[in-house]
**Student:** 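Structure provided below as structure tokens; questions to follow.
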Amino acid sequence: MTDDHTGPATEVFLAYRNLLFTVAYELLGSAADAEDVLQETWLRWVRVDLDQVHDRRAYLVRITTRQSLNRLRTLHRRREAYVGPWLPEPLLTTPDVAEDVELAESVSMALMIVLERLSPTERAVFVLREAFDVSYDEIATAVGRSPAAVRQIAHRARQHVEARRPRETVSPSEVRAAVESFRRAVHARDLPGLLAVLAPEVTLVSDGGGVKQAALRPIVGAGKVVRFFLGGIARVDGTLTADLIMVNGNPALVVRLDGELDGVLAIRVENARITGLYYVRNPEKLTRVDAATPLTRR
């Protein structure tokens with residue numbers, strides 16, 4: 001392998017790097033693991049004869065998918081031993097991600113949690129087809145199944161996701177308004193204000209990874225969620241702040257205690273009320289909220 005080969009190969013890889021990272025992240029829910037997959041993808045890509053590759057984007061997505069599937073099967077076993085609920089790693093994102101409605105939905109915390117319930121192959125098929133509009137033939141090559149089998153898998157995965165995703169699309173302004181109302185109510189320790197913005201069946205999931213204190217099971221019901229915030233997070237010793245940021249293309253809150261990062265709270269909104277709260281406190285998952293991570297479907 002010569003520099004004459006690796007130079008052009010690296011240029012092509014870098015041109016699609018953000019796309020490949022987005023694919024790997026949506027498949028894995030972890031930026032750290034996605035970066036490892038990209039390294040593995042590059043090592044395989046630089047060994048390829050570029051003159052024999054008709055569609056370089058498709059070829060790179062194929063390698064990334066295969067490496068992600070290999071890692072996803074390993075992660076599944078690791079997550080079974082995880083302390084408490086496991087949540088995807090939150091990413092601070094740039095404004096263009098929110099402007100791409102389909103991309104923002106595909107990387108939203110709420111949808112990525114639903115994707116965790118799919119098998120590795122179902123997840124790969126669903127993500128490639130729905131988020132990146134990859135053809136069934138190309139997906140079949142990437143996952144090692146026939147196109148007919150991939151169509152069946154896509155149908156099954158779509159049914160599973162549709163049964164669990166929000167029933168109606170909520171505008172970014174609605175989400176932002178609900179998040180801001182929640183933020184003000186927590187700061188003011190306003191019980192009526194919290195109950196007004198929370199849906200009666202709201203669910204809170206917190207992820208401390210065994211490092212930070214977190215509920216070991218989801219908390220369900222507005223009253224219990226209010227007690228969690230007003231009796232716990234809002235009554236800590238020190239100055240607590242919650243600021244609005246864009247996480248995974250959607251409005252969220254970054255929570256700080258005496259200026260130190262404590263966690264990221266992603267929020268799911270339906271019918272102008274909050275139905276899901278996802279609080280990531282595990283420090284290992286909070287490395288991507290100070291600088292924006294570029295995501296793209298192209």
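Predicted model, so just to flag it, every value in this text is computed and none were measured.
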**Student:** Crowded around Arg117 CZ? As in, over 12 foreign heavy atoms under 6.0 Å?
**Tutor:** no
**Student:** May I ask you to test the Leu92-Thr293 pair for a side-chain heavy-atom distance under 4.5 Å?
**Tutor:** no
**Student:** Side chains of Phe21 and Leu91, heavy atoms from C-beta outward: is any pair under 4.5 Å?
**Tutor:** yes
**Student:** Does Phe182 reach the side chain of Leu277, with side-chain heavy atoms less than 4.5 Å apart?
**Tutor:** yes
**Student:** Quick check: is Tyr82 connected to Leu72 through a chain of hydrophobic side chains (ILVMFWY, heavy atoms under 4.5 Å apart)?
**Tutor:** no
**Student:** Would you mind checking if Arg298 and Asp100 are paired as a salt bridge, meaning a charged N to carboxylate O distance below 4.0 Å?
**Tutor:** yes
**Student:** Please identify which of these residues, Val254, Thr287, Val280, meets the side chain to side chain contact (heavy atoms under 4.5 Å, CB included) condition with Pro90.
**Tutor:** Val280
**Student:** Going by atom types alone, do Thr275 and Glu201 pair a side-chain donor with an acceptor below 3.5 Å?
**Tutor:** no
**Student:** Is there a side-chain contact between Tyr279 and Val264, using heavy atoms and a 4.5 Å cut-off?
**Tutor:** no
**Student:** Any chance CZ of Arg145 has more than 12 other-residue heavy atoms, nucleotides or ligands included, within less than 6.0 Å?
**Tutor:** no
**Student:** Compare every heavy atom of Ala215 with every heavy atom of Ser206, then report the nearest pair and how far apart it is.
**Tutor:** OG-N, 2.9 Å
**Student:** What's the shortest heavy-atom distance between Leu191 and Val226, and which atoms?
**Tutor:** CD1-CG1, 3.2 Å
**Student:** Shared ILVMFWY cluster between Val225 and Ile267, side chains joined below 4.5 angstrom?
**Tutor:** yes
**Student:** Taking CZ in Phe132 as the centre, count heavy atoms belonging to other residues, nucleotides or ligands within less than 6.0 Å. Is the count above 12?
**Tutor:** yes
**Student:** For Glu180 and Arg176, what are the C-alpha separation, side-chain angles and deciding distance, and is it a salt bridge (charged side-chain N to carboxylate O under 4.0 Å, His left out)?
**Tutor:** CA-CA 6 Å; Glu180 182 58 30; Arg176 186 179 292 272; over 6 Å; no
**Student:** Drop me the distance from Leu261's CG to Asp290's CG, to the nearest 0.5 angstrom.
**Tutor:** 6.5 Å
**Student:** Find the distance between CG (Leu111) and CZ (Phe126) and round it off to the nearest 0.5 Å.
**Tutor:** 5.5 Å
**Student:** Could you tell me whether Arg71 and Asp33 have a side-chain N and a carboxylate O separated by less than 4.0 Å?
**Tutor:** yes
**Student:** Measure across Ala252 and Ala266 and return the closest heavy-atom pair with its distance rounded to 0.1 Å.
**Tutor:** CB-CA, 4.1 Å
**Student:** Answer yes or no: is there an ion pair linking Glu80 with Arg78, defined by an N-O contact shorter than 4.0 Å?
**Tutor:** no
**Student:** Could you label the plane-to-plane angle of the Trp42 and Phe13 rings as parallel, tilted or perpendicular, counting under 30° as parallel and over 60° as perpendicular?
**Tutor:** perpendicular
**Student:** Could you state the interatomic distance from NE2 (His160) to CG (Leu115), rounded to the nearest 0.5 Å?
**Tutor:** 8.5 Å
**Student:** Verify the cluster assignment for Val205 and Val255: are they in a single hydrophobic cluster under the rule of side-chain heavy atoms below 4.5 Å apart?
**Tutor:** no
**Student:** Can you tell me how far apart CG (Leu87) and CD (Glu89) are? Round to the nearest 0.5 Å.
**Tutor:** 11.5 Å
**Student:** Do Arg44 and Arg66 come close enough that some side-chain heavy atom pair is under 4.5 Å?
**Tutor:** no
**Student:** Leu19 vs Val61, test: side chain to side chain contact (heavy atoms under 4.5 Å, CB included). Steps then yes/no.
**Tutor:** CA-CA 8 Å; Leu19 167 67; Val61 168; 4.1 Å; yes
**Student:** Looking only at heavy atoms, which two atoms of Ala154 and Tyr136 are closest? And how far apart?
**Tutor:** CB-CE2, 3.9 Å
**Student:** To the nearest 0.5 Å, what is the distance between CD1 (Ile274) and CZ (Arg268)?
**Tutor:** 12.5 Å
**Student:** Determine whether the side chains of Thr121 and Ser119 contain a donor N or O and an acceptor N or O closer than 3.5 Å.
**Tutor:** no
**Student:** Take Glu26 and Arg123, measure what salt bridge (charged side-chain N to carboxylate O under 4.0 Å, His left out) needs, and give me the verdict at the end.
**Tutor:** CA-CA 9 Å; Glu26 288 199 35; Arg123 183 167 184 166; over 6 Å; no
**Student:** Walk me through it: do Leu69 and Thr65 pass the test side chain to side chain contact (heavy atoms under 4.5 Å, CB included)?
**Tutor:** CA-CA 6 Å; Leu69 279 172; Thr65 300; 4.3 Å; yes
**Student:** Rounded to the nearest 0.5 Å, how far does CG of Leu204 lie from NZ of Lys224?
**Tutor:** 12.0 Å
**Student:** If we only count heavy atoms from C-beta on, is the Thr64 to Val37 side-chain gap below 4.5 Å?
**Tutor:** yes
**Student:** In terms of hydrophobic clustering (I, L, V, M, F, W, Y; side-chain heavy atoms under 4.5 Å; direct or indirect links), are Phe228 and Val179 co-clustered?
**Tutor:** yes
**Student:** What's the shortest heavy-atom distance between Leu28 and Ser68, and which atoms?
**Tutor:** CD2-O, 3.5 Å
**Student:** Can you tell if the side chain of Arg273 reaches within under 4.5 Å of the side chain of Pro200, non-hydrogen atoms only?
**Tutor:** yes
**Student:** Do the side chains of Asp207 and Tyr278 get nearer than 4.5 Å, heavy atoms only?
**Tutor:** no
**Student:** For Asn250 and Ala104, indicate whether the former's side chain and the latter's backbone hold a donor-acceptor pair under 3.5 Å.
**Tutor:** yes
**Student:** Consider only side-chain N and O atoms of Asp96 and Thr94, and report whether a donor and an acceptor are under 3.5 Å apart.
**Tutor:** yes
**Student:** Between Met112 and Val23, is there shared hydrophobic-cluster membership here, with clusters defined by ILVMFWY side-chain heavy atoms closer than 4.5 Å?
**Tutor:** yes
**Student:** Any Lys/Arg nitrogen of Glu35 or Arg288 sitting under 4.0 Å from an Asp/Glu carboxylate oxygen of the other?
**Tutor:** yes
**Student:** Using the side chain to side chain contact (heavy atoms under 4.5 Å, CB included) rule, take Asp262 and Arg281 through it: C-alpha gap first, then chi angles, then the decisive distance, then the call.
**Tutor:** CA-CA 6 Å; Asp262 184 77; Arg281 297 193 73 208; 2.6 Å; yes
**Student:** Determine, stepwise, if the pair Arg73 / Asn70 fulfils side chain to side chain contact (heavy atoms under 4.5 Å, CB included).
**Tutor:** CA-CA 6 Å; Arg73 295 182 179 106; Asn70 291 339; 3.9 Å; yes
**Student:** I need the minimum non-hydrogen distance between Thr93 and Gly249, along with the two atoms involved.
**Tutor:** OG1-N, 2.8 Å
**Student:** Check the surroundings of atom NE2 in His155: do more than 12 heavy atoms from other residues, nucleotides or ligands lie under 6.0 Å from it?
**Tutor:** no
**Student:** CD of Glu116: more than 12 outside heavy atoms within 6.0 angstrom?
**Tutor:** yes
